[in-house]
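Report on the structure given below.
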Amino acid sequence: MNTITGKTYLVGLLGQPVNHSLSPIMHNAAYEEMGLDWCYLAMPCDKNNLEKATKALRYLNCKGLNITIPHKQEVLKACNKLTEIANDIQAVNTLIPEKNNQWIGANTDVEGFLTPLKNHNLKDKNVIVMGCGGSARAVVMGLNSLNIRKVTIISRNDNSLDVFIKSMSNLLSKKNIFIKGINSKELNVLPYIEEADLIVNTTPIGMNSKSTKQENIPLGRKTWDCLHNKTILYDLIYNPRPTNWLKIGKQKNCFTIDGLDMLVAQGACSIKLWSGFKDVPVQIMKSSAEKHLMD
Ligand code: NAP
C-alpha cells in the first residue's frame with residue numbers, strides 16, 4: 001500500500017455494516033497500481049448521520065464515496081444532482097465531488113451487475129429478483145437492457161414492494177417487460193422458482209455467514225428442492241464465496257455467479273468517475289480481493 005502522507009486524499013465507503021467489505025482491499029490495490037495518492041476507508045454510518053457525514057466529508061475534500069447497504073436510497077437526500085441512471089432508478093452507490101462542496105449521485109451497480117452476464121443470452125427469459133432494496137433497483141435496470149420477458153420480485157414487505165413495483169414498472173413497460181411483485185409470506189413461490197431462467201439474490205441473507213442454518217438461505221433451504229438445472233443463480237453477496245444458497249445451486253448443477261465480478265466492475269466504474277482515468281486495473285482489484293477472501 002502507498003505510504004499515507006500529508007498529501008494523501010481520502011476516498012471511502014459509507015454503510016452499515018461495512019466490516020465485511022472487500023472494497024478497501026481492491027480500491028487501495030488499484031490506487032497503488034495507478035499511482036494515485038489516495039486512501040480508501042470503510043466507515044460505518046447509520047441512517048441518522050448519513051446526510052451530516054456526507055456533507056462533512058465533502059468539506060474535508062474527500063475525492064469520492066461509495067454508498068452501500070442500507071443507504072442507497074436514503075443518500076439521494078445528500079445529492080445536489082443525479083446522473084440519468086441514478087435518477088431513473090432512484091438509487092445511488094457512488095458520490096462524485098461537485099463544485100461548491102456538493103455531491104453528484106451516480107449508480108455504477110447497473111454496469112457492475114451486467115458484467116458477469118455478458119456471455120448469457122437472456123432475451124425473453126423469466127427472471128426472479130429476491131429483495132427490493134437499493135441494489136434490486138440497479139438489477140432491474142440492468143435486466144431492462146437484456147430484453148427479458150418477465151421479472152418477478154419476491155419480498156417480505158408489502159409497502160416497500162408496492163413502492164418498488166410502481167417506480168420500476170414505467171421503465172420496464174417501454175420494453176414490454178412484465179413485472180410482478182409477490183410477498184413470500186403470503187404466496188407460494190415454488191411455481192415461480194420452477195419456471196425461472198435466472199434468480200438473483202439482492203437480500204443480505206447469507207452475508208458474512210459460514211453457518212448452514214436455514215435462516216442464512218433466502219426463502220429457506222426447502223424452497224430450493226424444486227430448482228431446475230437450467231436456472232442460473234446469481235448472488236450479489238461475495239463474502240462468503242460461495243454463499244450457502246449458491247452451494248445448493250452447485251449441488252443441483254445450476255450455473256452460479258457470485259457477487260465478486262459485480263463488486264470489481266462497479267468499483268472500477270466508480271474509480272473512472274472519480275479520477276477521469278479510462279483504464280483501471282480490474283484484474284489487480286479482483287486478485288487482491290480473492291487473495292483476501294482466502295486468507
Ligand atoms: P438494502 O437496500 O438494504 O435492501 C435489502 C433488501 O433485502 C430489502 O428489500 C430488504 O427488505 C431485504 N431483506 C433484508 N433482510 C431480509 C431478510 N432477513 N429476509 C428477507 N428480506 C430481507 O440493501 P442493498 O444495498 O440492496 O444490498 C443488498 C445486498 O447486496 C447486500 O448483501 C450487499 O452487500 C449486496 N450487494 C453487493 C454488490 C456487489 O457489488 N456484489 C452490490 C450491491 C449490493 P426490507 O425492505 O423488508 O428490509
Side-chain angles (χ1 to χ4, degrees), residues 13-23 25-27 42 44-47 50 66-76 86 89-94 107-117 128-142 153-165 167-168 181-186 189 200-209 213-220 223 234-246 256-271 282 285-286 289-290 293:
L13 172 72
L14 295 179
Q16 188 75 278
V18 290
N19 56 0
H20 68 284
S21 177
L22 292 180
S23 291
I25 300 286
M26 64 170 200
H27 274 267
C45 178
D46 65 31
K47 185 179 164 186
L50 187 66
N66 282 136
I67 306 297
T68 190
I69 185 172
H71 301 322
K72 288 181 183 178
Q73 289 163 267
E74 187 67 26
V75 78
L76 290 167
I89 62 176
Q90 292 289 296
V92 161
N93 80 326
T94 303
N107 196 304
T108 65
D109 280 338
V110 180
E111 191 170 334
F113 167 70
L114 289 171
T115 299
L117 289 176
I128 289 177
V129 175
M130 298 188 287
C132 60
S135 57
R137 287 171 176 264
V139 166
V140 170
M141 182 72 172
I153 314 294
I154 299 182
S155 172
R156 61 177 177 179
N157 179 328
D158 276 336
N159 291 339
S160 53
L161 189 57
D162 277 357
V163 172
F164 187 92
I165 300 290
S167 65
M168 299 308 289
I182 60 175
N183 187 322
S184 53
K185 290 181 185 153
E186 287 161 14
V189 298
V200 186
N201 177 34
T202 76
T203 77
I205 305 169
M207 188 161 88
N208 240 353
S209 157
K213 277 194 282 176
Q214 170 131 327
E215 55 271 27
N216 293 315
I217 296 169
L219 304 173
T223 305
Y234 187 163
D235 202 333
L236 263 49
I237 297 171
Y238 52 81
N239 188 4
R241 192 177 187 234
T243 55
N244 292 332
W245 181 58
L246 289 190
T256 62
I257 303 171
D258 63 49
L260 192 63
D261 283 333
M262 173 174 175
L263 179 81
V264 172
Q266 62 76 32
C269 289
S270 297
I271 297 175
V282 274
M285 293 171 76
K286 185 170 178 184
E290 279 174 326
L293 281 172

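We use all heavy atoms of the structure for the numbers below, so side chains are in, but hydrogens, waters and symmetry mates are not. We count ligands from 1, going down the list as the structure has it; atoms in each ligand are counted the same way.
- Every N/O-N/O distance between A136 and ligand 1 stays at or above 3.5 Å.
- Using a 4.5 Å heavy-atom threshold, the side chains of L117 and Y234 count as touching.
- Distances from ligand 1 to the non-hydrogen atoms of G112 include no value under 4.0 Å.
- The nearest protein atom to atom 27 (O) of ligand 1, hydrogens excluded, is given as S135 OG, 3.6 Å; this is a heavy-atom distance.
- Counting only heavy atoms from C-beta outward, the side chains of Y238 and H20 approach each other to under 4.5 Å.
- The shortest contact between atom 42 (C) of ligand 1 and any protein heavy atom is with M262 CE, 3.5 Å.
- Nearest to atom 19 (N) of ligand 1 among the protein's heavy atoms is I205 CD1, 3.2 Å.
- Closest approach of S135 and T202 over heavy atoms only: OG-CB, 3.7 Å.
- Contacts with ligand 1 closer than 4.0 Å are made by side-chain heavy atoms of N157 only, the backbone lying farther away.
- For a threshold of 3.5 Å applied to N or O pairs, the pair formed by L236 and ligand 1 contains at least one separation below that value.
- For ligand 1, the atoms lying closer than 4.0 Å to a non-hydrogen atom of S160 are 46 (O).
- Residue contacts with ligand 1 for I237 involve side-chain atoms from C-beta outward but no N, CA, C or O (heavy atoms, distance under 4.0 Å).
- Among all non-hydrogen protein atoms, the one lying nearest atom 29 (C) of ligand 1 is T202 O, 3.6 Å.
- More than 12 heavy atoms of other residues, nucleotides or ligands shown are found within 6.0 angstrom of CD on Q73.
- Of all atoms in ligand 1, listed by their number and element, those nearer than 4.0 Å to a heavy atom of G131 are 9 (O).
- Each of the following atoms of ligand 1 lies closer than 4.0 Å to a heavy atom of K72: 25 (O), 42 (C), 43 (C), 44 (C).
- With a 4.5 Å cut-off on side-chain heavy atoms, N66 and T94 count as touching.
- Contact annotation: the side chain of D258 never approaches that of T243 to less than 4.5 Å [non-hydrogen atoms, C-beta and beyond].
- Of the candidates Q16, M130, R156, it is R156 that places a heavy atom closest to atom 11 (O) of ligand 1.
- Summary of contacts: the protein heavy atom closest to atom 2 (O) of ligand 1 is G134 N, 2.9 Å.
- I153 places none of its side-chain heavy atoms less than 4.5 Å from the side chain of M168.
- Under the 4.5 Å side-chain criterion, counting only non-hydrogen atoms from C-beta, L260 is in contact with L22.
- Given atom 34 (O) of ligand 1, the protein heavy atom at minimum distance is M207 SD, 3.7 Å.
- Counting protein heavy atoms only, atom 23 (O) of ligand 1 is closest to I69 CG1, 3.3 Å.
- The shortest heavy-atom contact between S21 and L13 is OG-CD2, 3.3 Å.
- Of all atoms in ligand 1, listed by their number and element, those nearer than 4.0 Å to a heavy atom of Y238 are 41 (N).
- When all heavy atoms of L161 and G181 are compared, the closest pair comes out as CD2-C, 3.9 Å.
- For ligand 1, the atoms lying closer than 4.0 Å to a non-hydrogen atom of P70 are 3 (O).
- Here N183 pairs with D158 under the side-chain hydrogen bond (donor to acceptor under 3.5 Å, both in side chains) rule; sequence neighbours left out.
- Taking every non-hydrogen atom of G259 and a distance limit under 4.0 Å, the qualifying atoms of ligand 1 come out as 39 (C), 41 (N).
- Below 3.5 Å of separation, one finds no N or O of P204 facing any N or O of ligand 1.
- Considering only non-hydrogen protein atoms, atom 4 (O) of ligand 1 sits nearest to G133 CA, 3.3 Å.
- In terms of polar-atom proximity, L260 is not counted as a contact of ligand 1, lacking any N or O under 3.5 Å from an N or O of the ligand.
- Residues Q16 and C45 have side chains not in contact (no heavy-atom distance under 4.5 Å, counting atoms from C-beta outward).
- Side chains of L263 and S23 form a contact here, defined as non-hydrogen atoms less than 4.5 Å apart.
- Residue contacts with ligand 1: D109 is placed with no nitrogen or oxygen under 3.5 Å of a nitrogen or oxygen of the ligand (distance criterion only).
- The two residues W245 and D235 make their nearest non-hydrogen contact at CE3-OD2, 3.5 Å.
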